[in-house]
Undergrad: 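This is the structure I have questions about; it appears just below.
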Protein chains: 2
Amino acid sequence: MANDQPAGRRRYAARMPLDERREALLDAALRVLGRDGYGHLTISAIAAETGVTRPVVYDAYGGIDPLLHALLDRTQQRAADAALALIPAGGVPVELDRWLLEAADGLLQAVQADPETWRPVLGLIDGAPPLVRERIESTLVLLRGFVADVLRTNLGPESQLDVEVVAHSLVALVQEFARLLLVRPDEYPKERLLAAYAGMLALRRAT
Amino acid sequence: MANDQPAGRRRYAARMPLDERREALLDAALRVLGRDGYGHLTISAIAAETGVTRPVVYDAYGGIDPLLHALLDRTQQRAADAALALIPAGGVPVELDRWLLEAADGLLQAVQADPETWRPVLGLIDGAPPLVRERIESTLVLLRGFVADVLRTNLGPESQLDVEVVAHSLVALVQEFARLLLVRPDEYPKERLLAAYAGMLALRRAT
DNA sequence: GTGCGAATCTACACGCATGTAGTAATTGAC
DNA sequence: GTCAATTACTACATGCGTGTAGATTCGCAC
């Protein structure tokens, strides 16, 4: 209170070239998102979080939609990069059980390393609008496609397994693990999840 | 247009006792939800969908929050009833593989029979606010608990399986199947999903 | 058929977020 | 130091949803 100029003009925020300002706005938007969900992700809230007035946001992005689009681009890029890094190069054979474990491990590590990027992707942010859902789904489609490829090239041609459904299942499973890891890390640490996962895979041979 | 009284008073909607009106409002809300998502689930939209004016909604429920609460009560009850009907009575032993298949089959049938109830539960409606998320989660907690019980009483005491994580996994898996069934029924009919599921279970013995 | 209570409607005041037009301050170049 | 371009701010108009107070109509009981 003591710092306010009683009825004067607002103090100007530090100036930035447009590109930097855009990045700063996206960072602020991500913070708002994590704190309050999509329902409160408004131009006003982003401007306030950035420490700037609304016209700045309009000048930088033109509206909430282009801004969200840009935020999704950035997030999707980061998440997809991390996920696709775990997929072996096309056609290279791997030992399937071993790869399933390593890929899950790698993804859980990525999630732990950058939770703020992954929480939106895993559907842990309230109020996701259609645009967001579509983005996430498109990334998952890509991911499932790669998983299916790995399965096909490593299953032996006599396998009767429905590769597409199995790919859906594996991705859904790892997503659930990632959610558990982020939401209840004390009860479900990575090691526990991976051990259980290995146990389930091992059933294929035991019993 | 031809039916409008040029500048007259609005035609009164058919009157209803309070209880009926409440049910009608919930039905309308569910339709709005399925069509437009939570982001458009407003008092105005519900009133319009019902064919009455907003004060009627306020008289019946007092606001959007109590109304949503009531809608969730109804939906949760229906979904939980259907799901818990598939759980064998406590302590009764079952043949595990057989039960896993039958329970999945039963749940997918329930989903197909009443998709409008299940779409919100499966997270297929855009813009779900925290209240909704919490409700769904509490139902899932209950369900996972029962699944874990079944696993425990039928796994043989020498099993090293992490029952809680496996319960999480199974529920997540069936949820994914249900989503596929609702979103892309042509590509993923119930029979295909169940066959793939059986195939995955069968891996436990084959290979 | 006539009341009278219940159910519905109209009308107003408000809050909050959106966009935009015009103004003012900052900052780098000269 | 001065100027001009860039960046940020103020101020206004608007749309849409929320609540609520008070008037109006419906329809059952008698």
Side-chain angles (χ1 to χ4, degrees), chain A residues 3-29 32-33 35-71 126-127 129 131, chain B residues 3-29 32-33 35-71 126-127 129 131:
Chain A
N3 285 2
D4 295 345
Q5 48 269 70
R9 207 179 165 80
R10 178 194 180 112
R11 188 165 151 194
Y12 269 52
R15 293 191 166 206
M16 284 184 184
L18 198 53
D19 289 350
E20 273 179 55
R21 178 55 81 206
R22 288 207 177 101
E23 282 301 302
L25 288 171
L26 291 191
D27 292 340
V32 172
L33 213 48
R35 180 161 20 88
D36 304 327
Y38 291 97
H40 297 86
L41 189 67
T42 64
I43 299 277
S44 303
I46 295 168
E49 176 77 23
T50 311
V52 134
T53 54
R54 293 182 297 107
V56 174
V57 182
Y58 285 103
D59 287 345
Y61 280 108
I64 194 62
D65 237 57
L67 189 154
L68 185 53
H69 198 82
L71 180 59
D126 289 313
L131 178 59
Chain B
N3 286 1
D4 295 345
Q5 47 268 68
R9 206 180 166 78
R10 178 196 180 110
R11 188 163 151 196
Y12 270 52
R15 293 188 169 207
M16 284 185 185
L18 197 53
D19 288 350
E20 272 178 56
R21 179 54 80 206
R22 287 207 176 101
E23 282 300 302
L25 288 171
L26 292 191
D27 292 341
V32 172
L33 212 49
R35 180 161 20 87
D36 304 327
Y38 291 96
H40 296 85
L41 188 66
T42 65
I43 300 278
S44 302
I46 295 168
E49 176 76 23
T50 311
V52 297
T53 55
R54 292 182 297 107
V56 173
V57 182
Y58 285 104
D59 287 345
Y61 279 108
I64 194 65
D65 237 57
L67 189 154
L68 185 53
H69 197 83
L71 179 59
D126 289 313
L131 180 59

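Reminder, nothing fancy here: chain letters follow the sequence lines and each chain counts from 1.
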Undergrad: So, OP1 or OP2 of C:dC16: does either fall under 4.0 Å of a side-chain N or O from A:Ser44?
TA: no

Undergrad: Rounded to whole angstrom units, what separation is found between the CD1 atom of A:Ile43 and the C1' atom of D:dG15?
TA: 16 Å

Undergrad: Round to a whole Å and report the spacing from CZ of A:Arg10 to C1' of C:dT26.
TA: 16 Å

Undergrad: Below 4.0 angstrom from OP1 or OP2 of D:dC26, is there any side-chain N or O of B:Arg15?
TA: no

Undergrad: Output the rounded distance in Å from CE (B:Met16) to P (D:dC28).
TA: 13 Å

Undergrad: May I have the distance from B:Tyr61 (atom OH) to D:dT20 (atom P), rounded to whole angstrom?
TA: 18 Å

Undergrad: Quick one: does B:Arg21's side chain get under 4.5 Å of B:Asp59's, heavy atoms only?
TA: no

Undergrad: Reckon A:Ala14 touches a base, only the sugar-phosphate, or nothing at all at heavy-atom distances under 4.0 Å?
TA: sugar-phosphate

Undergrad: For a quick check of understanding: with a heavy-atom distance under 4.0 Å over all strands, which category does B:Thr53 fall into, base, sugar-phosphate or nothing?
TA: base

Undergrad: Once you round it to whole Å, what is the distance between C1' of D:dG17 and CD1 of B:Ile64?
TA: 11 Å

Undergrad: With sugar-phosphate meaning primed atoms plus P, OP1 and OP2, does B:Arg54 contact a base, only sugar-phosphate, or nothing at under 4.0 Å between heavy atoms?
TA: base

Undergrad: Is there side-chain contact between A:Pro17 and A:Asp19, with heavy atoms separated by less than 4.5 Å?
TA: no

Undergrad: Considering heavy-atom distances to DNA chain D, does A:Val56 or B:Asp59 have its closest nucleotide positioned more toward the 5' end?
TA: A:Val56

Undergrad: Tell me the interatomic distance from B:Glu20, atom CD, to C:dA6, atom C1', rounded to whole angstroms.
TA: 14 Å

Undergrad: Can you check side chain to side chain contact (heavy atoms under 4.5 Å, CB included) on B:Leu68 and B:Leu131, steps first, answer last?
TA: CA-CA 9 Å; B:Leu68 185 53; B:Leu131 180 59; 4.1 Å; yes

Undergrad: Are the side chains of A:Leu67 and A:Val57 in contact, using a 4.5 Å heavy-atom criterion?
TA: yes

Undergrad: Counting just side-chain N and O atoms, does B:Arg21 come under 4.0 Å of either OP1 or OP2 of C:dT8?
TA: yes

Undergrad: Over how many whole Å does the gap from B:Asp65 atom CG to D:dT18 atom P extend?
TA: 12 Å

Undergrad: How long is the line joining CG of A:Asp36 and C1' of C:dA17, in whole Å?
TA: 15 Å

Undergrad: Which is it for B:Leu41 and B:Ile46 under the side chain to side chain contact (heavy atoms under 4.5 Å, CB included) test, yes or no, and what are the steps along the way?
TA: CA-CA 7 Å; B:Leu41 188 66; B:Ile46 295 168; 3.8 Å; yes

Undergrad: Examine the base of D:dT24 for any acceptor or donor lying under 3.5 Å from a partner atom in the side chain of B:Tyr12, and report the outcome as yes or no.
TA: yes

Undergrad: What nucleotide among D:dT25, C:dA17, D:dT10 has an atom nearest to a side-chain atom of A:Thr42?
TA: C:dA17

Undergrad: Identify which nucleotide among C:dG19, C:dA25, D:dT18 has an atom closest to any side-chain atom of B:Tyr58, counting heavy atoms from C-beta outward.
TA: D:dT18

